[in-house]
Amino acid sequence: MKILVTGSSGLIGSEVVVYFSQRGHQIVGVDNNQRAVFFGPQGDTRWNQQRLQSSLKNYTHIELDIRDRQGVLALMNKEKPDAIVHTAAQPSHDRAAAIPFEDFDTNANGTHNLLEAVRRSCPESPFVHMSTNKVYGDAPNLIKLEEQATRWDYADPAYADGIAETFTIDQSKHSLFGASKVAADIMVQEYGRYFNIPTCCLRGGCLTGPNHSGVELHGFLSYLIRCNLEQKEYKIYGYKGKQVRDNIHSLDVARFIEAFINAPRVGEVYNLGGGKENSISILEAFALAEQLTGLPQVYSYLDDNRIGDHICYYSNLHKMKLHYPQWNITKNLETTFSEIIASWRTRL
Ligand SMILES: NC(=O)c1ccc[n+]([C@@H]2O[C@H](COP(=O)([O-])OP(=O)(O)OC[C@H]3O[C@@H](n4cnc5c(N)ncnc54)[C@H](O)[C@@H]3O)[C@@H](O)[C@H]2O)c1
């Protein structure tokens, strides 16, 4: 297959590139290092682009901004890929308010450019879109919670296995990022249902892995571990540091994308996360990082939580496992932490 991957120098994009390249597919990657514009030099992804270009024979890099409508239409028409994996985005909840136009132009309009290009040039090709659990806004915070020693957890048994795809996306606070991602998510579903294109939205929890260029505003575990290794202060924003996230290794993300491309469905939505087993609070993440690096975590605590931040979120994986029973989580938290530590040790 020829697979077009947008955001190919980012965390998920690069993992997808390597994964499919190792299986003999031809990969066209699209990335313009916009992450360095969004987050400054610390978010620079050129190192990852160069790694892909120097190590993979069947990889072509295209320097293109997905906001460039004519460029996107022309590229799709030229390449006519067998599958599209769309991971390019302005990915930060907090950053969006400072750059609202860039955020919406990238996340909503950029996605629309790609969908329309696919409809015109290769409507039979599966289109996998990286969405986010922020499409649910802060509505998960309305679920009854219980406070435990090191974490918050759901007190309502209806959520014992986490949040499912049926959860409301409406009438809650999303952040501008969440709103631009809702627009993209609905458009991806619509191009599926209306035009019968095999599309899906993967509503990610915390996606992580050794190739993340984690920064304070995006990439929780990667950034937390970097702070631990550099003995730099990590700031906790509210919720007593007991806020819970489910983490999924980017390899398990790539494996699910492969399962979907091999047996695509139309206009689907999946909550893609590590599930309850791979959920961890900030305090628990400090403890695990300390145990694995032998270094104490230096941190400070600010009372104010980030606007709209989830207190407790983990994904219900039932639908993913029902539709794709051969897929499961293969990397637990300890393995994922160890890989991120090893990667930062080489890169820092
Ligand atoms: N990492 C997470 O925890 C997480 C969680 C939920 C959802 N997601 C979603 O998954 C996707 C991938 O996230 P990631 O963590 O790999 O992000 P990332 O920032 O590491 O990668 C995104 C890549 O897209 C590129 N890019 C951004 N704007 C572009 C543009 N206009 N044109 C071309 N390239 C552009 C960036 O340079 C970057 O390399 C995003 O849609 C994000 O919203 C991520």
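Read the numbers this way: they start at 1 and go in the same order the structure lists the ligands and their atoms. Bear in mind that the values here come from a model prediction, so they are computed numbers and not experimental data.
If you take OH on Y299 and CZ on F286, they are separated by 6.5 Å, rounding to the nearest 0.5 Å. Here the NZ-CD1 distance, from K240 to I311, works out to 11.0 Å after rounding to the nearest 0.5 Å.
Looking only at protein heavy atoms, the nearest one to atom 18 (P) of ligand 1 is R35 NH1, 3.6 Å. Of the protein's heavy atoms, L207 CD1, 3.4 Å lies nearest to atom 44 (C) of ligand 1. Of the protein's non-hydrogen atoms, the one nearest atom 6 (C) of ligand 1 is G205 O, 3.2 Å. In this structure, the protein non-hydrogen atom closest to atom 12 (C) of ligand 1 is T87 O, 3.2 Å. The nearest protein atom to atom 10 (O) of ligand 1, hydrogens excluded, is given as M130 CB, 3.4 Å; this is a heavy-atom distance. In this structure, atom 39 (O) of ligand 1 lies nearest to the protein heavy atom D31 OD2, 2.7 Å. Ranking protein heavy atoms by distance to atom 28 (N) of ligand 1, first place goes to Q34 CB, 3.3 Å. At the shortest separation from atom 35 (C) of ligand 1 among protein heavy atoms lies N32 OD1, 3.4 Å.
Within ligand 1, counting atoms from 1 as listed, the ones closer than 4.0 Å to a heavy atom of A88 are 24 (O), 26 (N), 34 (N), 35 (C). Interface of G204 with ligand 1, defined as ligand atoms under 4.0 Å from a residue heavy atom, comprises 6 (C). Under a 4.0 Å criterion applied to the non-hydrogen atoms of L64, ligand 1 contributes the atoms 32 (N), 33 (C). Residue-ligand proximity, K181 to ligand 1, at heavy-atom distances under 4.0 Å covers atoms 40 (C), 41 (O), 42 (C), 43 (O). Near D65, meaning under 4.0 Å from one of its heavy atoms, ligand 1 places the atoms 30 (C), 31 (N), 32 (N). When each atom of ligand 1 is checked for a heavy atom of A89 under 4.0 Å away, the hits are 24 (O), 27 (C), 28 (N), 40 (C), 41 (O). Against a heavy-atom cut-off of under 4.0 Å, P91 is close to the following atoms of ligand 1: 19 (O). Every atom of ligand 1 is numbered from 1 in the order shown, and the set under 4.0 Å from a heavy atom of I12 is 16 (O).
Ligand 1 is approached by C206 to a heavy-atom distance shorter than 4.0 Å. Under a 4.0 angstrom heavy-atom cut-off, S131 registers as being in contact with ligand 1. Distances shorter than 4.0 angstrom do not occur between any heavy atom of G219 and any atom of ligand 1.
The local environment of CZ in R119 is crowded, with over 12 non-hydrogen atoms from other residues, nucleotides or ligands closer than 6.0 Å. Dense packing is recorded around CD of Q326, with more than 12 heavy atoms of other residues, nucleotides or ligands lying under 6.0 Å away. K80 NZ: more than 12 foreign heavy atoms inside a 6.0 Å radius.
Of the N and O atoms on the side chains of Y234 and Q297, not one donor lies less than 3.5 Å from an acceptor on the other residue.
Using a 4.0 Å cut-off between charged nitrogen and carboxylate oxygen, K331 and E339 count as a salt-bridge pair. A salt bridge links R46 with E63: the distance from a Lys NZ or Arg NE/NH1/NH2 to an Asp or Glu carboxylate oxygen falls below 4.0 Å. Taking a cutoff of 4.0 Å between a charged side-chain nitrogen and a carboxylate oxygen, R265 and E268 qualify as a salt bridge.
When the heavy atoms of N33, D44, I66 are ranked by distance to atom 32 (N) of ligand 1, first place goes to I66.
In this structure, F256 has its ring center closer than 6.0 angstrom to the ring center of Y270. Ring pair H112/Y191: centre-to-centre distance below 6.0 Å. Annotation: Y301 is not in aromatic contact with Y237 [ring centroid separation under 6.0 Å not met].
Only the side chain of T106 comes within 4.0 Å of ligand 1, counting heavy atoms alone; its backbone N, CA, C and O stay farther away. Here L11 has heavy atoms under 4.0 Å from ligand 1 in both its backbone and its side chain.
For the side chain to side chain donor-acceptor pair (under 3.5 Å) with S175, the qualifying choice from H93, K134, K181 is H93, the only one to do so.
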